[in-house]
Visitor: 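Input: one structure, supplied below.
Given the structure is predicted, the values throughout are model-derived calculations rather than measurements. Note that ligands are numbered from 1 as they come in the structure, with each ligand's atoms numbered from 1 the same way.
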Amino acid sequence: MEYSDKVKDHFLHPRNIGKIENADVSATEGSPACGDQVTLYMNVNPDTLVIENIKFQSYGCASNIATGSIITEMAIGKTLKDAFNINWKDAAEALDGLPPQKMHCSVLAVDTLQSAIKKYEIERGLREPDKFTKETIVSELRKVLYPRLGKDIVTLKMVKYVGYEEGTAIIDIDIPEFDSYRDNIRVEIEEHLEKFQEIKKIKITM
Ligand code: FES
């Protein structure tokens, strides 16, 4: 697996690593794809809503550490709104690319940043807690990457149907029977959706 010089640099010399003891907010997210985890801490200026300090701790792979490092560099000095708009492709591009099967590491970094921002805003009455809808399922499916191409299954038009009826999430995925990533995709979808208490049952057809 070939890593860019930037990934190597951020892995060997991670920026903003550690814990902020007096953080205004912290959030932890895990990657369903591999079980790795990132915790992010932030201090935010309450008047300007600019991220003034941000640190992370990583329990994962080299790409996990590198993406944690780059995402904190990208977010510091930005308003919460601007930092929330950073997506996983921005993070991967800022590292001069990641191998396709490591793209989920940048999804994890961005997820953690967005969780921390949402948490800060909800706790201070700046945002309503998310309402669970079918769109919630679609946005989770956007975090499920097809490892061969390093793109998400929604962008790749592999998702043929999404439904939500009385606690059951219904998903139809277009993937050939002989595709070796079939089980991966199924497990990853389940892991992404299991965290929602609104979902009692997950029905995936392929
Ligand atoms: Fe787990 Fe990279 S392999 S985040």
Visitor: Determine whether the aromatic ring centres of residues Phe132 and Tyr164 are separated by less than 6.0 angstrom.
Guide: yes
Visitor: Does the pair Lys118/Asp111 count as a salt bridge with the N-to-O cut at 4.0 Å?
Guide: no
Visitor: Are Arg127 and Phe84 in a cation-pi setup, meaning NZ or CZ lies under 6.0 angstrom from the ring centre and within 45 degrees of the ring axis?
Guide: yes
Visitor: Using a 4.0 Å cut-off to any heavy atom of Lys102, which atoms of ligand 1 qualify?
Guide: 3 (S)
Visitor: Under 4.0 Å between a side-chain nitrogen and a carboxylate oxygen: does that hold for Asp152 and Lys143?
Guide: no
Visitor: What atoms of ligand 1 come closer than 4.0 angstrom to any heavy atom of Cys34?
Guide: 1 (Fe), 3 (S), 4 (S)
Visitor: Should the proximity of Ser31 to ligand 1, defined as any heavy atom under 4.0 Å, be assigned to the side chain, the backbone, both, or neither?
Guide: neither
Visitor: Checking only N/O/S atoms, does Cys105 have one that is under 2.8 Å from atom 1 (Fe) of ligand 1?
Guide: no
Visitor: For Lys160, I'd like to know if atom NZ has over 12 heavy atoms of other residues, nucleotides or ligands within 6.0 Å.
Guide: yes
Visitor: How is the N/O/S atom of Asp36 that comes nearest to atom 1 (Fe) of ligand 1 named?
Guide: OD2
Visitor: Taking 4.0 angstrom as the limit and counting only heavy atoms of Cys61, give me the atoms of ligand 1 inside it, by number and element.
Guide: 2 (Fe), 3 (S), 4 (S)
